[in-house]
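Counting convention: from 1, in listed order, for ligands and their atoms alike.
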Amino acid sequence: MFDTLTDKLTAVFRKLTNRGRLTEKDVDEALREVRMALLEADVNFKVVRDFIAKVRERCVGTDVLEGLNPAQHVIKAVHEQMIAMLSGGDRRMMAASQPPTVVMLLGLQGSGKTTTAAKLALHLKRQGGKPLLVAADTRRPAAVEQLVALGKQLDLPVYEEGTRSQPIAIARNGLARAKEMAATWVILDTGGRLHIDEELMQEVADIRRDVQPQEALLVVDAMTGQDAVRVAEEFHKKVGLTGLILTKLDGDARGGAALSITAVTGVPLKFIGVGEKADALEPFHPDRMASRILGMGDVLTLIEKAQENIDLQKAQELQKKMAKSSMDLGDFLDQMRQVRKMGPLSQVLGMIPGFGAVSKNLPTDEFGDKQLAKVEAVILSMTPNERHNPDVIDGSRRRRIAKGSGTTVQDVNQILNQFRQIQKLMKDMASGKKMPGLPFGRR
Ligand SMILES: Nc1nc2c(ncn2[C@@H]2O[C@H](COP(=O)(O)OP(=O)(O)OP(=O)(O)O)[C@@H](O)[C@H]2O)c(=O)[nH]1
Ligand SMILES: [Mg+2]
(Lines give C-alpha, C1' and ligand atoms only; values in the text may rest on other atoms or scores of the structure.)
(Ligands and ions follow the chains in the order given, each with its own letter.)
Protein backbone atom coordinates (compact mmCIF):
# COMPACT_ATOMS: atom_id res chain seq x y z
CA MET A 1 0.00 0.00 0.00
CA PHE A 2 1.21 3.50 -0.86
CA ASP A 3 4.42 2.02 -2.26
CA THR A 4 4.76 4.45 -5.15
CA LEU A 5 3.95 7.44 -2.99
CA THR A 6 6.40 6.33 -0.34
CA ASP A 7 9.13 5.81 -2.96
CA LYS A 8 8.59 9.30 -4.35
CA LEU A 9 8.51 11.04 -1.01
CA THR A 10 11.55 9.15 0.22
CA ALA A 11 13.41 10.25 -2.90
CA VAL A 12 12.45 13.90 -2.33
CA PHE A 13 13.62 13.72 1.27
CA ARG A 14 16.84 11.95 0.40
CA LYS A 15 17.65 14.71 -2.07
CA LEU A 16 16.98 17.32 0.61
CA THR A 17 19.11 15.50 3.14
CA ASN A 18 22.01 15.38 0.72
CA ARG A 19 21.86 19.15 0.22
CA GLY A 20 23.26 20.09 3.62
CA ARG A 21 22.27 23.75 3.83
CA LEU A 22 18.83 24.53 2.46
CA THR A 23 17.77 27.66 0.64
CA GLU A 24 14.18 28.72 0.31
CA LYS A 25 14.41 27.61 -3.29
CA ASP A 26 15.38 24.10 -2.22
CA VAL A 27 12.38 23.90 0.07
CA ASP A 28 10.07 25.22 -2.65
CA GLU A 29 11.34 22.65 -5.09
CA ALA A 30 10.92 19.86 -2.56
CA LEU A 31 7.37 20.94 -1.77
CA ARG A 32 6.57 21.07 -5.48
CA GLU A 33 7.70 17.48 -5.78
CA VAL A 34 5.71 16.45 -2.72
CA ARG A 35 2.67 18.12 -4.27
CA MET A 36 3.15 16.19 -7.53
CA ALA A 37 3.59 12.91 -5.68
CA LEU A 38 0.36 13.45 -3.74
CA LEU A 39 -1.60 14.38 -6.84
CA GLU A 40 -0.29 11.32 -8.64
CA ALA A 41 -1.40 9.22 -5.66
CA ASP A 42 -4.90 10.53 -6.41
CA VAL A 43 -5.25 12.75 -3.37
CA ASN A 44 -8.01 15.31 -3.74
CA PHE A 45 -6.45 18.47 -5.24
CA LYS A 46 -7.97 20.87 -2.73
CA VAL A 47 -6.63 18.73 0.08
CA VAL A 48 -3.19 18.81 -1.55
CA ARG A 49 -3.27 22.57 -1.98
CA ASP A 50 -4.17 23.06 1.65
CA PHE A 51 -1.58 20.52 2.74
CA ILE A 52 1.29 22.20 0.90
CA ALA A 53 0.30 25.65 2.16
CA LYS A 54 0.28 24.42 5.74
CA VAL A 55 3.60 22.59 5.42
CA ARG A 56 5.17 25.74 4.01
CA GLU A 57 3.81 27.70 6.98
CA ARG A 58 5.29 25.17 9.37
CA CYS A 59 8.66 25.28 7.58
CA VAL A 60 8.93 29.04 7.41
CA GLY A 61 7.13 30.03 10.55
CA THR A 62 9.01 27.99 13.12
CA ASP A 63 12.62 27.98 14.17
CA VAL A 64 14.68 24.98 13.30
CA LEU A 65 14.58 22.80 16.37
CA GLU A 66 17.76 22.00 18.14
CA GLY A 67 19.09 18.65 17.08
CA LEU A 68 17.42 18.72 13.68
CA ASN A 69 19.14 19.70 10.48
CA PRO A 70 17.13 21.78 7.99
CA ALA A 71 16.14 18.78 5.89
CA GLN A 72 14.86 16.96 8.95
CA HIS A 73 12.96 20.09 9.84
CA VAL A 74 11.13 19.96 6.50
CA ILE A 75 10.48 16.23 6.85
CA LYS A 76 9.08 16.79 10.33
CA ALA A 77 6.76 19.50 8.98
CA VAL A 78 5.50 17.14 6.25
CA HIS A 79 5.04 14.35 8.78
CA GLU A 80 3.10 16.51 11.22
CA GLN A 81 0.89 17.99 8.56
CA MET A 82 0.19 14.55 7.17
CA ILE A 83 -0.95 13.43 10.61
CA ALA A 84 -3.21 16.50 10.76
CA MET A 85 -4.60 15.69 7.31
CA LEU A 86 -5.44 12.12 8.37
CA SER A 87 -6.98 13.14 11.69
CA GLY A 88 -10.43 14.47 12.45
CA GLY A 89 -13.23 13.65 14.84
CA ASP A 90 -13.11 10.98 17.50
CA ARG A 91 -11.73 7.64 16.37
CA ARG A 92 -12.80 5.71 19.47
CA MET A 93 -15.84 3.49 19.25
CA MET A 94 -18.81 5.11 20.93
CA ALA A 95 -20.20 2.87 23.66
CA ALA A 96 -23.85 2.62 24.62
CA SER A 97 -24.66 3.61 28.20
CA GLN A 98 -26.37 0.21 28.49
CA PRO A 99 -24.81 -2.64 26.50
CA PRO A 100 -25.05 -3.77 23.82
CA THR A 101 -23.46 -1.10 21.66
CA VAL A 102 -24.94 -1.25 18.20
CA VAL A 103 -22.63 -0.83 15.20
CA MET A 104 -24.30 -0.54 11.83
CA LEU A 105 -22.20 -1.14 8.73
CA LEU A 106 -23.33 0.36 5.46
CA GLY A 107 -21.90 0.93 2.03
CA LEU A 108 -22.02 0.11 -1.64
CA GLN A 109 -22.13 -3.41 -2.98
CA GLY A 110 -18.84 -5.23 -2.77
CA SER A 111 -17.19 -2.62 -0.58
CA GLY A 112 -16.51 -5.26 2.05
CA LYS A 113 -19.34 -4.84 4.56
CA THR A 114 -19.94 -8.51 5.32
CA THR A 115 -16.25 -9.39 5.54
CA THR A 116 -15.63 -6.33 7.68
CA ALA A 117 -18.56 -7.19 9.98
CA ALA A 118 -16.88 -10.51 10.76
CA LYS A 119 -13.42 -8.92 11.10
CA LEU A 120 -14.78 -6.27 13.44
CA ALA A 121 -16.60 -8.83 15.57
CA LEU A 122 -13.39 -10.85 15.86
CA HIS A 123 -11.45 -7.72 16.79
CA LEU A 124 -13.96 -6.82 19.50
CA LYS A 125 -13.98 -10.36 20.82
CA ARG A 126 -10.20 -10.37 21.07
CA GLN A 127 -10.51 -7.23 23.16
CA GLY A 128 -12.76 -9.05 25.58
CA GLY A 129 -16.12 -8.02 24.09
CA LYS A 130 -19.05 -10.30 23.35
CA PRO A 131 -20.31 -9.53 19.84
CA LEU A 132 -23.40 -10.73 18.01
CA LEU A 133 -23.46 -10.49 14.23
CA VAL A 134 -26.83 -9.64 12.71
CA ALA A 135 -27.59 -10.43 9.07
CA ALA A 136 -29.80 -7.56 7.92
CA ASP A 137 -28.92 -7.78 4.23
CA THR A 138 -32.03 -9.39 2.80
CA ARG A 139 -31.32 -8.61 -0.83
CA ARG A 140 -29.65 -11.92 -1.55
CA PRO A 141 -29.89 -15.28 0.24
CA ALA A 142 -26.14 -15.62 -0.36
CA ALA A 143 -25.48 -12.56 1.77
CA VAL A 144 -26.98 -14.22 4.84
CA GLU A 145 -25.17 -17.47 4.11
CA GLN A 146 -21.88 -15.61 3.78
CA LEU A 147 -22.24 -14.10 7.24
CA VAL A 148 -23.38 -17.38 8.77
CA ALA A 149 -20.38 -19.15 7.25
CA LEU A 150 -17.97 -16.51 8.55
CA GLY A 151 -19.56 -16.76 11.99
CA LYS A 152 -19.13 -20.53 12.04
CA GLN A 153 -15.55 -20.27 10.86
CA LEU A 154 -14.62 -17.71 13.51
CA ASP A 155 -16.80 -19.12 16.26
CA LEU A 156 -18.95 -15.98 16.45
CA PRO A 157 -22.72 -16.03 17.00
CA VAL A 158 -24.90 -14.82 14.11
CA TYR A 159 -28.55 -13.80 14.28
CA GLU A 160 -30.46 -14.31 11.03
CA GLU A 161 -33.99 -14.68 9.68
CA GLY A 162 -33.08 -15.58 6.14
CA THR A 163 -34.41 -13.11 3.64
CA ARG A 164 -38.09 -13.27 4.57
CA SER A 165 -38.22 -10.37 7.00
CA GLN A 166 -37.60 -6.68 6.63
CA PRO A 167 -34.14 -5.44 7.63
CA ILE A 168 -35.61 -3.23 10.34
CA ALA A 169 -37.43 -6.18 11.92
CA ILE A 170 -34.29 -8.30 11.80
CA ALA A 171 -32.30 -5.51 13.40
CA ARG A 172 -34.83 -5.15 16.22
CA ASN A 173 -35.04 -8.89 16.84
CA GLY A 174 -31.25 -9.13 16.68
CA LEU A 175 -30.95 -6.44 19.32
CA ALA A 176 -33.43 -8.29 21.55
CA ARG A 177 -31.45 -11.51 21.06
CA ALA A 178 -28.24 -9.68 21.99
CA LYS A 179 -29.81 -8.50 25.25
CA GLU A 180 -30.97 -12.02 26.09
CA MET A 181 -27.50 -13.45 25.61
CA ALA A 182 -25.84 -10.45 27.32
CA ALA A 183 -23.83 -9.56 24.25
CA THR A 184 -21.89 -6.29 24.50
CA TRP A 185 -21.82 -5.52 20.77
CA VAL A 186 -24.28 -5.88 17.92
CA ILE A 187 -22.73 -5.72 14.47
CA LEU A 188 -25.34 -5.09 11.84
CA ASP A 189 -24.55 -6.11 8.25
CA THR A 190 -26.77 -4.29 5.77
CA GLY A 191 -27.43 -4.55 2.05
CA GLY A 192 -25.60 -2.58 -0.61
CA ARG A 193 -26.14 -1.54 -4.18
CA LEU A 194 -23.94 -0.93 -7.13
CA HIS A 195 -24.52 2.81 -7.08
CA ILE A 196 -25.88 5.39 -4.74
CA ASP A 197 -29.60 5.73 -5.32
CA GLU A 198 -32.54 7.12 -3.44
CA GLU A 199 -33.93 3.73 -2.52
CA LEU A 200 -30.73 2.55 -0.90
CA MET A 201 -30.28 5.83 0.95
CA GLN A 202 -33.86 5.64 2.15
CA GLU A 203 -33.56 2.06 3.32
CA VAL A 204 -30.33 2.70 5.19
CA ALA A 205 -31.60 5.96 6.67
CA ASP A 206 -34.77 4.18 7.86
CA ILE A 207 -32.80 1.44 9.60
CA ARG A 208 -30.53 4.04 11.17
CA ARG A 209 -33.47 6.06 12.46
CA ASP A 210 -35.26 3.02 13.81
CA VAL A 211 -32.35 1.17 15.40
CA GLN A 212 -30.49 4.27 16.62
CA PRO A 213 -27.06 2.63 16.50
CA GLN A 214 -24.23 4.21 18.49
CA GLU A 215 -22.04 3.82 15.41
CA ALA A 216 -22.99 4.12 11.75
CA LEU A 217 -19.83 3.15 9.92
CA LEU A 218 -19.50 3.46 6.18
CA VAL A 219 -17.41 0.74 4.57
CA VAL A 220 -15.61 2.07 1.49
CA ASP A 221 -13.30 0.40 -0.97
CA ALA A 222 -9.93 2.19 -1.16
CA MET A 223 -9.37 0.83 -4.66
CA THR A 224 -12.09 3.12 -5.97
CA GLY A 225 -9.95 6.19 -5.24
CA GLN A 226 -11.70 9.54 -5.33
CA ASP A 227 -15.03 7.79 -5.89
CA ALA A 228 -14.73 6.49 -2.35
CA VAL A 229 -14.49 10.08 -1.16
CA ARG A 230 -17.59 11.11 -3.11
CA VAL A 231 -19.53 8.12 -1.81
CA ALA A 232 -18.57 9.03 1.75
CA GLU A 233 -19.68 12.63 1.25
CA GLU A 234 -23.02 11.50 -0.11
CA PHE A 235 -23.73 8.96 2.64
CA HIS A 236 -22.74 11.42 5.31
CA LYS A 237 -25.11 14.02 3.91
CA LYS A 238 -28.07 11.67 3.51
CA VAL A 239 -27.67 9.17 6.35
CA GLY A 240 -25.19 10.67 8.79
CA LEU A 241 -22.02 8.75 9.63
CA THR A 242 -20.04 8.36 12.83
CA GLY A 243 -17.01 6.87 11.16
CA LEU A 244 -15.40 5.25 8.13
CA ILE A 245 -13.77 1.93 7.45
CA LEU A 246 -11.51 1.84 4.40
CA THR A 247 -11.04 -1.64 2.97
CA LYS A 248 -8.60 -3.20 0.51
CA LEU A 249 -5.72 -0.95 1.47
CA ASP A 250 -3.54 -3.99 0.86
CA GLY A 251 -4.33 -3.69 -2.82
CA ASP A 252 -2.41 -1.50 -5.22
CA ALA A 253 -4.57 1.47 -4.35
CA ARG A 254 -2.63 4.65 -4.87
CA GLY A 255 -3.78 5.77 -1.47
CA GLY A 256 -5.55 8.97 -2.44
CA ALA A 257 -8.81 7.92 -0.84
CA ALA A 258 -7.18 7.20 2.50
CA LEU A 259 -5.35 10.50 2.42
CA SER A 260 -8.30 12.71 1.54
CA ILE A 261 -11.41 11.06 2.88
CA THR A 262 -11.36 12.53 6.39
CA ALA A 263 -10.07 15.91 5.22
CA VAL A 264 -12.97 16.19 2.74
CA THR A 265 -15.81 14.72 4.82
CA GLY A 266 -14.76 15.55 8.38
CA VAL A 267 -15.69 11.98 9.34
CA PRO A 268 -12.96 10.02 11.16
CA LEU A 269 -11.45 6.86 9.73
CA LYS A 270 -11.82 4.27 12.48
CA PHE A 271 -10.50 1.07 10.93
CA ILE A 272 -8.64 -0.05 7.83
CA GLY A 273 -8.93 -3.39 6.06
CA VAL A 274 -5.62 -4.76 4.88
CA GLY A 275 -6.42 -8.21 3.54
CA GLU A 276 -9.04 -10.87 2.99
CA LYS A 277 -8.30 -12.81 6.16
CA ALA A 278 -10.39 -12.32 9.29
CA ASP A 279 -7.61 -10.68 11.27
CA ALA A 280 -6.73 -8.19 8.53
CA LEU A 281 -8.46 -5.25 10.18
CA GLU A 282 -6.50 -2.60 12.04
CA PRO A 283 -7.63 0.32 14.16
CA PHE A 284 -6.63 3.43 12.25
CA HIS A 285 -3.83 5.56 13.68
CA PRO A 286 -3.05 8.75 11.69
CA ASP A 287 0.47 9.00 13.10
CA ARG A 288 1.35 5.44 12.20
CA MET A 289 -0.16 5.76 8.75
CA ALA A 290 1.80 8.97 8.13
CA SER A 291 5.01 7.27 9.23
CA ARG A 292 4.28 4.35 6.95
CA ILE A 293 3.59 6.63 4.00
CA LEU A 294 6.77 8.57 4.61
CA GLY A 295 8.80 5.37 4.71
CA MET A 296 9.53 5.72 8.41
CA GLY A 297 8.12 2.31 9.14
CA ASP A 298 5.36 1.52 11.53
CA VAL A 299 7.02 0.09 14.53
CA LEU A 300 4.01 0.43 16.82
CA THR A 301 1.70 -1.63 14.62
CA LEU A 302 4.45 -4.19 14.27
CA ILE A 303 4.83 -4.39 18.03
CA GLU A 304 1.08 -4.83 18.47
CA LYS A 305 0.99 -7.57 15.86
CA ALA A 306 3.92 -9.21 17.51
CA GLN A 307 2.22 -9.05 20.90
CA GLU A 308 -0.88 -10.70 19.47
CA ASN A 309 0.98 -13.46 17.69
CA ILE A 310 4.29 -14.04 19.32
CA ASP A 311 4.91 -16.10 22.35
CA LEU A 312 6.63 -13.63 24.63
CA GLN A 313 8.50 -16.23 26.61
CA LYS A 314 9.91 -17.81 23.47
CA ALA A 315 10.93 -14.40 22.19
CA GLN A 316 12.79 -13.67 25.40
CA GLU A 317 14.55 -17.01 25.30
CA LEU A 318 15.61 -16.29 21.75
CA GLN A 319 16.86 -12.86 22.68
CA LYS A 320 19.08 -14.44 25.32
CA LYS A 321 20.35 -16.95 22.79
CA MET A 322 21.01 -14.18 20.30
CA ALA A 323 23.05 -12.29 22.85
CA LYS A 324 25.08 -15.45 23.43
CA SER A 325 25.12 -16.16 19.67
CA SER A 326 23.81 -19.64 20.33
CA MET A 327 20.74 -19.49 18.10
CA ASP A 328 20.41 -22.73 16.16
CA LEU A 329 18.31 -23.86 13.23
CA GLY A 330 15.55 -25.05 15.56
CA ASP A 331 15.22 -21.56 17.03
CA PHE A 332 15.34 -20.17 13.53
CA LEU A 333 12.39 -22.36 12.54
CA ASP A 334 10.43 -21.27 15.61
CA GLN A 335 11.08 -17.64 14.88
CA MET A 336 10.14 -18.03 11.24
CA ARG A 337 6.82 -19.63 12.15
CA GLN A 338 6.02 -16.82 14.55
CA VAL A 339 6.80 -14.12 11.99
CA ARG A 340 4.66 -15.95 9.47
CA LYS A 341 1.68 -15.72 11.79
CA MET A 342 1.96 -11.93 11.65
CA GLY A 343 1.01 -11.74 7.98
CA PRO A 344 2.63 -11.73 4.55
CA LEU A 345 6.36 -11.15 4.81
CA SER A 346 6.43 -7.99 2.71
CA GLN A 347 3.74 -6.40 4.90
CA VAL A 348 5.59 -7.25 8.08
CA LEU A 349 8.95 -6.00 6.79
CA GLY A 350 7.36 -2.83 5.41
CA MET A 351 6.57 -1.78 8.95
CA ILE A 352 10.17 -1.83 10.11
CA PRO A 353 11.89 1.56 9.67
CA GLY A 354 14.29 1.46 6.77
CA PHE A 355 13.01 -1.88 5.53
CA GLY A 356 10.25 -0.37 3.40
CA ALA A 357 12.48 -0.30 0.35
CA VAL A 358 13.93 -3.74 1.06
CA SER A 359 10.52 -5.37 1.42
CA LYS A 360 9.51 -4.34 -2.07
CA ASN A 361 12.49 -6.08 -3.57
CA LEU A 362 11.44 -9.31 -1.99
CA PRO A 363 9.74 -11.92 -4.11
CA THR A 364 5.95 -11.74 -4.11
CA ASP A 365 4.23 -13.00 -1.00
CA GLU A 366 3.14 -16.20 -2.58
CA PHE A 367 6.68 -17.02 -3.57
CA GLY A 368 7.90 -15.83 -0.20
CA ASP A 369 5.47 -18.14 1.57
CA LYS A 370 6.46 -21.04 -0.67
CA GLN A 371 10.07 -20.31 0.12
CA LEU A 372 9.31 -20.34 3.82
CA ALA A 373 7.53 -23.68 3.48
CA LYS A 374 10.66 -25.03 1.81
CA VAL A 375 12.90 -23.75 4.58
CA GLU A 376 10.57 -25.37 7.06
CA ALA A 377 10.67 -28.73 5.25
CA VAL A 378 14.47 -28.69 5.08
CA ILE A 379 14.93 -27.88 8.77
CA LEU A 380 12.36 -30.51 9.77
CA SER A 381 14.33 -33.15 7.83
CA MET A 382 17.40 -32.56 9.99
CA THR A 383 18.18 -34.46 13.15
CA PRO A 384 18.11 -32.43 16.39
CA ASN A 385 21.90 -32.60 16.44
CA GLU A 386 22.14 -31.25 12.90
CA ARG A 387 19.78 -28.42 13.78
CA HIS A 388 21.93 -27.54 16.71
CA ASN A 389 25.30 -27.95 14.96
CA PRO A 390 24.79 -27.25 11.26
CA ASP A 391 28.55 -27.56 10.78
CA VAL A 392 28.29 -31.36 10.96
CA ILE A 393 26.13 -31.41 7.82
CA ASP A 394 28.42 -32.80 5.15
CA GLY A 395 27.77 -33.74 1.53
CA SER A 396 26.04 -37.04 2.16
CA ARG A 397 23.89 -35.58 4.94
CA ARG A 398 22.90 -32.76 2.59
CA ARG A 399 21.74 -35.29 0.03
CA ARG A 400 19.73 -37.12 2.68
CA ILE A 401 18.10 -33.90 3.89
CA ALA A 402 17.24 -32.85 0.35
CA LYS A 403 15.63 -36.21 -0.30
CA GLY A 404 13.74 -36.18 2.98
CA SER A 405 12.34 -32.72 2.39
CA GLY A 406 11.56 -33.07 -1.30
CA THR A 407 14.07 -30.34 -2.20
CA THR A 408 17.45 -30.27 -3.93
CA VAL A 409 20.98 -30.17 -2.53
CA GLN A 410 21.23 -26.61 -3.87
CA ASP A 411 18.19 -25.67 -1.80
CA VAL A 412 19.75 -27.14 1.30
CA ASN A 413 23.05 -25.34 0.61
CA GLN A 414 21.28 -22.07 0.08
CA ILE A 415 19.28 -22.37 3.29
CA LEU A 416 22.40 -23.24 5.31
CA ASN A 417 24.23 -20.25 3.83
CA GLN A 418 21.33 -17.94 4.59
CA PHE A 419 21.20 -19.21 8.13
CA ARG A 420 24.91 -18.51 8.57
CA GLN A 421 24.45 -14.96 7.29
CA ILE A 422 21.53 -14.36 9.65
CA GLN A 423 23.54 -15.79 12.52
CA LYS A 424 26.36 -13.37 11.75
CA LEU A 425 23.97 -10.42 11.46
CA MET A 426 22.44 -11.28 14.82
CA LYS A 427 25.84 -11.54 16.39
CA ASP A 428 26.76 -8.12 15.00
CA MET A 429 23.49 -6.61 16.14
CA ALA A 430 23.76 -8.12 19.60
CA SER A 431 27.21 -6.59 19.96
CA GLY A 432 25.85 -3.25 18.69
CA LYS A 433 28.01 -3.17 15.58
CA LYS A 434 25.29 -2.92 13.03
CA MET A 435 21.71 -1.66 13.07
CA PRO A 436 19.21 -1.67 10.23
CA GLY A 437 19.74 1.57 8.31
CA LEU A 438 17.27 4.38 8.88
CA PRO A 439 15.82 6.02 5.79
CA PHE A 440 17.09 9.54 6.40
CA GLY A 441 20.45 9.01 7.97
CA ARG A 442 20.95 9.61 11.64
CA ARG A 443 17.95 10.69 13.69
N1 LIG B 1 -7.81 -7.69 -0.33
C2 LIG B 1 -8.85 -7.35 0.41
N3 LIG B 1 -10.06 -7.82 0.10
C4 LIG B 1 -11.11 -7.47 0.86
C5 LIG B 1 -10.96 -6.62 1.98
N6 LIG B 1 -12.19 -6.44 2.53
C7 LIG B 1 -13.05 -7.16 1.78
N8 LIG B 1 -12.41 -7.79 0.76
C9 LIG B 1 -12.99 -8.64 -0.29
O10 LIG B 1 -13.94 -7.91 -1.02
C11 LIG B 1 -14.96 -8.77 -1.50
C12 LIG B 1 -16.33 -8.22 -1.17
O13 LIG B 1 -16.50 -8.28 0.23
P14 LIG B 1 -17.93 -8.41 0.92
O15 LIG B 1 -17.67 -8.37 2.39
O16 LIG B 1 -18.70 -9.55 0.39
O17 LIG B 1 -18.60 -7.05 0.46
P18 LIG B 1 -20.05 -6.51 0.77
O19 LIG B 1 -19.94 -5.04 0.92
O20 LIG B 1 -20.65 -7.25 1.90
O21 LIG B 1 -20.81 -6.83 -0.59
P22 LIG B 1 -22.40 -6.96 -0.83
O23 LIG B 1 -22.96 -7.80 0.28
O24 LIG B 1 -22.50 -7.62 -2.16
O25 LIG B 1 -22.95 -5.59 -0.85
C26 LIG B 1 -14.69 -10.13 -0.89
O27 LIG B 1 -14.08 -10.92 -1.84
C28 LIG B 1 -13.74 -9.81 0.26
O29 LIG B 1 -12.88 -10.90 0.53
C30 LIG B 1 -9.64 -6.10 2.30
O31 LIG B 1 -9.41 -5.33 3.23
N32 LIG B 1 -8.64 -6.51 1.47
MG1 LIG C 1 -22.42 -8.30 2.06
Side-chain angles (χ1 to χ4, degrees), residues 1-3 103-123 133-154 156 158-163 167 170-171 174 187-197 199-201 203-204 207 216-225 227-228 231-232 234-235 239 241 243-255 257-258 261 269-284 289 292 301 305 342-348 350 364-366 369:
M1 97 174 104
F2 307 121
D3 287 353
V103 181
M104 173 179 177
L105 298 184
L106 46 146
L108 293 185
Q109 199 175 313
S111 57
K113 291 177 297 300
T114 306
T115 316
T116 303
K119 286 177 176 177
L120 186 60
L122 182 67
H123 171 81
L133 286 160
V134 175
D137 176 0
T138 54
R139 288 174 189 284
R140 300 174 293 119
V144 178
E145 283 159 22
Q146 187 189 353
L147 195 66
V148 168
L150 283 167
K152 197 167 280 171
Q153 192 188 321
L154 302 170
L156 294 163
V158 177
Y159 180 82
E160 56 110 357
E161 299 182 12
T163 53
I170 299 176
I187 318 281
L188 208 58
D189 181 29
T190 64
R193 302 217 156 180
L194 228 37
H195 302 286
I196 295 182
D197 59 37
E199 209 190 319
L200 170 66
M201 288 297 176
E203 178 184 309
V204 179
I207 303 177
L217 303 179
L218 181 75
V219 179
V220 267
D221 178 345
M223 309 259 270
T224 58
D227 271 346
V231 168
E234 195 72 12
F235 268 94
V239 186
L241 301 172
L244 302 164
I245 300 182
L246 205 55
T247 60
K248 307 182 199 180
L249 266 176
D250 52 311
D252 52 4
R254 285 176 294 168
I261 204 157
L269 246 184
K270 296 201 171 178
F271 292 92
I272 52 174
V274 292
E276 300 206 49
K277 294 216 182 94
D279 59 357
L281 183 80
E282 296 173 4
F284 177 68
M289 174 75 82
R292 239 191 247 185
T301 300
K305 279 203 179 211
M342 290 164 60
L345 197 57
S346 64
Q347 242 180 44
V348 175
T364 61
D365 290 331
E366 205 185 322
D369 282 339

**Item:** Test log, rule side-chain contact (heavy atoms from CB on, under 4.5 Å), inputs E160 and L147
**Value:** CA-CA 9 Å; E160 56 110 357; L147 195 66; over 6 Å; no
**Request:** For K113, counting its heavy atoms only, list the atoms of ligand 1 lying under 4.0 Å from any of them.
**Result:** 15 (O), 17 (O), 18 (P), 19 (O), 20 (O), 21 (O), 22 (P), 25 (O)
**Item:** For P167 against I207, the heavy-atom pair lying closest together
**Value:** CB-CD1, 3.7 Å
**atom 32 (N) of ligand 1: the protein heavy-atom neighbour that sits closest, reported with distance to 0.1 Å** = D250 OD1, 2.8 Å
**Fill in**
Between the CG atom in D250 and the NZ atom in K277, the distance rounded to the nearest 0.5 Å is 10.5 Å
**Item:** Straight-line distance of T224 OG1 to L108 CG, nearest 0.5 Å
**Value:** 8.0 Å
**Request:** Return yes if some donor-acceptor pair links the side-chain N/O of T247 with the main-chain N/O of S111 below 3.5 Å, else return no.
**Result:** yes
**Asked** Can you list the atoms of ligand 1 that are under 4.0 Å from a heavy atom of V274?
**Response** 31 (O)
**Within reach of ligand 1, part of L108 (heavy-atom separation under 4.0 Å)** = backbone
**Message:** Could you measure the distance from the CG atom of L249 to the CE atom of M223? Nearest 0.5 Å is fine.
**Reply:** 10.0 Å
**Asked** What atoms of ligand 1 come within less than 4.0 Å of a heavy atom belonging to D137?
**Response** 23 (O)
**Member of T114, T116, T115 meeting the side chain to side chain donor-acceptor pair (under 3.5 Å) criterion with D189** = T114
**Prompt:** Taking atom CG of L217 and atom CG of L106, what is their separation to the nearest 0.5 Å?
**Reply:** 7.5 Å
**Prompt:** Hey, mind stepping through R292 and E282 against salt bridge (Lys or Arg N to Asp or Glu O under 4.0 Å) and telling me if it holds?
**Reply:** CA-CA 14 Å; R292 239 191 247 185; E282 296 173 4; 3.0 Å; yes
**Prompt:** Would you say ligand 1 has an N or O under 3.5 Å from any N or O of T247?
**Reply:** no
**Request:** Using non-hydrogen atoms of the residue, decide whether A280 is closer than 4.0 angstrom to ligand 1.
**Result:** no
**Item:** Structural part of A143 in contact with ligand 1, heavy atom criterion under 4.0 angstrom
**Value:** neither
**Message:** For K113 versus T190, what's the shortest heavy-atom pair and its separation?
**Reply:** CE-O, 3.1 Å
**Item:** Under 3.5 Å: N/O of G112 near N/O of ligand 1
**Value:** yes
**Heavy-atom gap G107 to ligand 1 smaller than 4.0 Å** = no
**Request:** Please determine if the Mg ion (ligand 2) has an N/O/S atom from Q109 lying under 2.8 Å away.
**Result:** no
**Prompt:** Between V144 and D137, which heavy-atom pair has the shortest distance, and what is it?
**Reply:** CG2-O, 3.6 Å
**Asked** Where do P283 and H123 come nearest, in terms of heavy atoms and distance?
**Response** CG-CE1, 3.8 Å
**Request:** Would you mind finding which of L150, D221, T115 brings a heavy atom closest to atom 7 (C) of ligand 1?
**Result:** T115
**Item:** Nearest-neighbour protein heavy atom for atom 9 (C) of ligand 1, which is reported as residue plus atom name and distance
**Value:** K248 CE, 4.0 Å
**Prompt:** Does T114 reach ligand 1 with a nitrogen or oxygen that is under 3.5 Å from one of the ligand's nitrogen or oxygen atoms?
**Reply:** yes
**Fill in**
atom 21 (O) of ligand 1 sits nearest the protein heavy atom G110 N, 2.9 Å
**Prompt:** So is G191 polar-close to ligand 1, meaning N/O to N/O under 3.5 Å?
**Reply:** no
**Contact check, Q146 vs ligand 1, heavy-atom distance below 4.0 Å** = yes
**Message:** Please list, in number order, the atoms of ligand 1 under 4.0 Å from a heavy atom of G273.
**Reply:** 31 (O)
**Message:** Show me which atoms of ligand 1 lie under 4.0 Å from any heavy atom of R140.
**Reply:** 22 (P), 23 (O), 24 (O)
**Message:** At under 4.0 Å between heavy atoms, is it the side chain or the backbone of K119 that contacts ligand 1, or both, or neither?
**Reply:** side chain
**Request:** Considering heavy atoms of the protein only, find what lies nearest to atom 3 (N) of ligand 1 and give residue, atom and distance to 0.1 Å.
**Result:** E276 CG, 3.4 Å
**Request:** Taking all non-hydrogen atoms of both residues into account, name the closest pair between A118 and L133 and its distance.
**Result:** N-CD2, 4.1 Å
